[in-house]
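Scroll down for the structure; my scribbles are underneath it.
Here the structure is a predicted model, which means the values were calculated and not measured. The figures here come from the full heavy-atom set of this structure, side chains too, leaving out hydrogens, waters and symmetry mates.
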Amino acid sequence: MTRSNDHKAPARRDALKGALGLGLTGLAGVPAFAQDALRLRIRTLAAAVQPKVVSWRRDIHQNPELSNREFNTSKKVATELKRLGLEVRTLAKTGVVGVLKGGKPGPAVALRADMDALPVEEKTGEPFASKAMGEYEGNKVPVAHACGHDAHTAMLLGAAEVLSMIKADIAGSVVFIFQPAEEGKPGGETGGAALMVAEGALDAPKVQSIFGIHVWPEAAGVLSFRSEGFMAAADRIEIRLKGTQTHGAQPWKGVDITALASHCVQAINQVTARQLDPREPTVITIATMHGGARFNIIPETFVLGGTMRTFSVARRKDAIEKVTRTIKAQAQAYGADAEIIFTPFAPLTFNDPALAAYLTPTLISSVGAKAVNDKAIPNTVSEDFSEFQAKVPGLYCFLGIVPPGQDPATAPPNHSPYFDIYEPAMEVGVRTHALVALSMLARKA
Ligand SMILES: [Zn+2]
Ligand SMILES: [Zn+2]
């Protein structure tokens with residue numbers, strides 16, 4: 001995900017113990033008589049496949065590739081899926097989709113992982129730490145899996161292996177989606193979840209619902225999410241101010257656009273503070289101001305750039321209207337023109353409330369009630385899993401990866417050069433993917 005804040009979840013030190021113990025509640029949608037046997041089988045298979053998952057993760061970790069450049073990762077994924085007998089197709093540049101057809105008729109559901117790494121120099125000190133270099137915006141940069149997408153890819157391959165082994169008992173199809181460029185496509189390129197959707201990742205077969213996991217600095221094995229707006233909608237803001245150029249000594253002969261620009265920044269901060277209900281979080285940031293070339297010339301134009309993070313469609317609309325109105329009024333006061341442009345960067349990661357409620361018992365069956373937090377706080381980072389959720393109901397959740405005994409509050413955040421994962425937690429991810437797939441298949445459309 002594109003990280004922008006700190007998310008401090010409550011520490012749950014005993015979570016892994018709970019996560020590795022047998023769950024006590026039901027597996028949604030699966031008949032009661034079949035539940036225990038199936039759950040136990042998945043648990044056993046996920047444990048059996050764990051050494052492979054660890055070796056996949058380390059291999060991908062050691063060979064990270066930037067967004068839209070996941071050439072080798074994509075090949076490895078396709079090879080593994082073909083080995084399992086899945087129908088495999090490539091799309092959206094380096095994306096891979098594998099379809100597992102169960103032995104019984106039924107609907108299709110999807111599980112998703114992202115595969116790209118970041119321009120970050122790894123400093124974890126792991127024996128399998130990345131030493132890779134890549135090219136980012138014309139510069140040679142170190143590359144590392146500082147957001148854990150290596151683990152996402154490995155866990156989803158593990159789930160594909162587990163579900164392949166119980167294929168005969170599966171009623172319907174499971175679609176495994178490995179997408180490129182979650183962290184953002186390079187300038188001028190298309191890519192990521194939006195392109196996967198456009199090229200039919202959810203269409204053949206037609207997917208009924210989708211599930212995804214992101215590793216996060218919480219206690220290992222904890223699954224956390226919230227219903228409805230979970231991760232922010234991100235919009236890019238551009239404000240173009242235009243006045244009349246004048247001498248710095250004679251501001252009244254033109255428009256003091258520099259003063260207007262500074263008023264606009266303050267006015268926007270006031271919108272968040274005074275015009276929007278604070279019970280729902282909103283972040284509006286002006287990060288850049290560009291204008292002028294010389295100390296004694298007030299320029300004709302000024303451009304402000306920033307970002308907005310919102311958690312509901314209604315709030316996004318309201319904030320856009322209020323920012324636009326406020327900036328227009330400021331410009332009018334100065335006799336200038338203002339153009340305010342909001343460009344969606346990622347839609348709201350919206351967890352379908354009905355699906356979230358339906359799957360909560362399944363998550364509990366995977367890790368135990370103590371290790372499921374269904375009331376996570378809204379997170380101001382954005383995530384393009386939202387593009388899939390805009391098409392079909394979806395649930396996105398965090399999986400804790402901080403080792404037992406370490407306070408998650410002190411763990412390096414995603415995108416840090418020190419970001420690392422506690423590998424035994426991946427077994428929880430594999431198991432959860434597999435259990436959720438079966439539950440989603442059993443859900444009445
Ligand atoms: Zn990420
Ligand atoms: Zn990220």
Discussion item. Would the distance check show the side chain of D318 and the main-chain N or O of A314 forming a donor-acceptor pair, the cut-off being under 3.5 Å?
Written reply: no

Worksheet, complete the sentence: By side chain to side chain donor-acceptor pair (under 3.5 Å), R315 pairs with (sequence neighbours left out) T282

Practice prompt. Name all residues meeting the ring pair (Phe, Tyr, Trp, His ring centres under 6.0 Å) criterion together with H145; count only those two or more places apart in sequence or in a different chain, and write none if there are none.
Written response: none

Worksheet item: Under the 3.5 angstrom rule, does the side chain of Q179 hit a backbone N or O of R112 as a donor-acceptor pair?
Response: no

Worksheet item: Mind checking what makes ring pair (Phe, Tyr, Trp, His ring centres under 6.0 Å) contact with F419, not counting sequence neighbours?
Response: none

Worksheet item: Would E387 and K391 count as a salt bridge (Lys or Arg N to Asp or Glu O under 4.0 Å) if you check the C-alpha gap in whole Å, the side-chain angles of each, and the deciding distance to 0.1 Å?
Response: CA-CA 7 Å; E387 299 280 358; K391 298 289 171 196; over 6 Å; no

Worksheet item: Looking only at heavy atoms, which two atoms of S227 and A356 are closest? And how far apart?
Response: OG-CB, 4.2 Å

Practice prompt. Go through the steps to decide whether F230 and F311 satisfy the test ring pair (Phe, Tyr, Trp, His ring centres under 6.0 Å), and finish with yes or no.
Written response: CA-CA 7 Å; F230 178 34; F311 290 92; 9.2 Å; no

Item to complete: Measure from the side-chain N and O atoms of T288 to the backbone N and O of G305, and report whether any donor-acceptor pair falls under 3.5 Å.
Response: yes

Worksheet item: Can you name the residues that form a salt bridge (charged side-chain N to carboxylate O under 4.0 Å, His left out) with K123, not counting sequence neighbours?
Response: none

Practice prompt. Using the ring pair (Phe, Tyr, Trp, His ring centres under 6.0 Å) rule, pick out the option among W216, F225, F385 that qualifies with Y396.
Written response: F385

Worksheet item: Any donor-acceptor pair under 3.5 Å linking the side chain of N414 with the backbone of V215?
Response: yes

Response to the item:
With sequence neighbours left out, the residues meeting salt bridge (charged side-chain N to carboxylate O under 4.0 Å, His left out) with E238 are R236, R240

Worksheet item: Is a side-chain donor or acceptor of S173 paired with a backbone partner of K101 at a separation under 3.5 angstrom?
Response: no

Item to complete: Identify, with sequence neighbours excluded, every residue that meets ring pair (Phe, Tyr, Trp, His ring centres under 6.0 Å) alongside F178.
Response: none

Fill in: All side chain to side chain donor-acceptor pair (under 3.5 Å) counterparts of S67, not counting sequence neighbours
D116

Item to complete: Name all residues meeting the side chain to side chain donor-acceptor pair (under 3.5 Å) criterion together with R89; count only those two or more places apart in sequence or in a different chain, and write none if there are none.
Response: none

Fill in: Any residue meeting side chain to side chain donor-acceptor pair (under 3.5 Å) with Q50, in chain and number order, not counting sequence neighbours
none

Worksheet item: Which pairs count as side-chain hydrogen bond (donor to acceptor under 3.5 Å, both in side chains) when at least one residue sits in residues 131-141, sequence neighbours excluded?
Response: none

Discussion item. So does L441 get a backbone contact from the side chain of Q208, meaning a donor-acceptor N/O pair under 3.5 Å?
Written reply: no

Fill in: ring pair (Phe, Tyr, Trp, His ring centres under 6.0 Å) partners for H152, two or more places apart
H149, H214

Discussion item. Working note: D420 + R57, criterion salt bridge (Lys or Arg N to Asp or Glu O under 4.0 Å); need CA distance, chi angles, decisive distance, verdict.
Written reply: CA-CA 12 Å; D420 203 357; R57 183 251 165 171; 3.2 Å; yes

Discussion item. Restricting to non-hydrogen atoms, name the atom on K104 and the atom on D169 that form the minimum distance, rounded to 0.1 Å.
Written reply: NZ-O, 3.9 Å

Fill in: N351 side chain to R226 backbone, donor-acceptor under 3.5 Å
yes

Discussion item. Show the nearest heavy-atom pair for residues V428 and S366, with the distance to one decimal.
Written reply: O-OG, 4.1 Å

Discussion item. Determine whether a donor-acceptor pair (N or O, by modelled atom type, separation under 3.5 Å) exists between the side chain of K328 and the backbone of A338.
Written reply: yes

Worksheet item: Where the side chain of Q406 meets the backbone of P404, is there a donor-acceptor pair that is under 3.5 Å apart?
Response: no

Fill in: Inter- and intrachain pairs under ring pair (Phe, Tyr, Trp, His ring centres under 6.0 Å), touching residues 70-102, at least two apart
none

